[in-house]
Amino acid sequence: MTDERLPASFFRREALDLARALLGRWLRHGEVELAITEVEAYRGPTDSGCHTFRGRTPRTAPMFGPPGHLYVYTCYGLHRMLNIVAGPHDGAAAAVLVRACAPVAGLPIVGARRGRIAGPGLLDGPGKVGQALGIDGTFNHHALYEPGGVELLRGEPVHAVAVGPRIGIDYASPEHRDAPWRLAIADSPWVSHRRGLRREVEQPR
DNA sequence: AACACGATGGACT
DNA sequence: GTCCATCGTGTTA
């Protein structure tokens, strides 16, 4: 069934691995269900694009916690970005950012929250995903599947993936800024940016 | 205590 | 392409 939960072991893996595994999964909060179409891996203390690059702070604490918990980053004071903490160990301090989704259920609620925008503009950006799901700062640090919280469901299989550089991290060193750690469902219209995205050879997940 | 700025989005030229 | 809303956080003093 597409709406099965995923076991804790699913999250206990390296961020780039988890990013790939998250494509096609469904996020559910209340009556809203969204299929994940685009993600970015933030790979921990060795990744100069990752918030944990300069160590643990109160803000980045969730990434030092258990895999599968949420890291909700507030950008520019208003946009809430949903991250899922990766593993394999508590000290790994890595996460996957959900950058874009496609609607599955609850479209009237999404439309009300997003201003009834038609087409991919509805959900093609991390701040838009947070807004559509009704995420706020109180979700930070919470586990998936908490009552009233966010769920991750099995969703549908992904057949082809496109990869490219991550967006909005010009502050990172060139090797990390240009690394192909942004993943999207190939040919999906529900993608935030096309620049640098290229379809890769099909591989099992 | 002050300050610079961001894993963005929307409006506008 | 440009401009800028809006505020928590980290850094510096």
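Values reported hereafter were calculated over all heavy atoms of this structure, with side chains retained and with hydrogens, waters and symmetry mates removed. By convention in this document, chain letters (A, B, ...) are assigned in the order of the sequence lines, proteins followed by strands, and residues within each chain are numbered from 1.
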Contact string for nucleotides 7-13 of chain B, one letter per nucleotide 5' to 3', B = base within protein heavy-atom range under 4.0 Å, S = sugar-phosphate only, - = neither, reads BBSS---

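Taking the six-membered ring where the residue is Trp, A/Tyr42 and A/His51 present parallel rings, their angle staying beneath 30° rather than reaching 60°. The aromatic rings of A/Phe139 and A/His142 lie tilted to each other, with the angle between the two planes from 30° to 60°.
Across B/dA4 and C/dC4, the matching C1' atoms stand 16 Å from one another, rounded to whole Å.
Taken to the nearest 0.5 Å, the CZ atom of A/Arg99 stands 7.5 Å off from the CE atom of A/Met81.
Rounded to an integer number of Å, the gap from A/Arg177 CZ to B/dG6 P is 14 Å.
Distance alone, capped at 3.5 Å, places no donor-acceptor pair between the A/Arg195 side chain and the A/Gly164 backbone.
Within 6.0 Å of CD in A/Glu31 there are 12 or fewer heavy atoms belonging to other residues, nucleotides or ligands.
Within the shown strands, B/dC3 is the pairing partner of C/dG10 under the Watson-Crick or G-U definition, both distances less than 3.5 Å.
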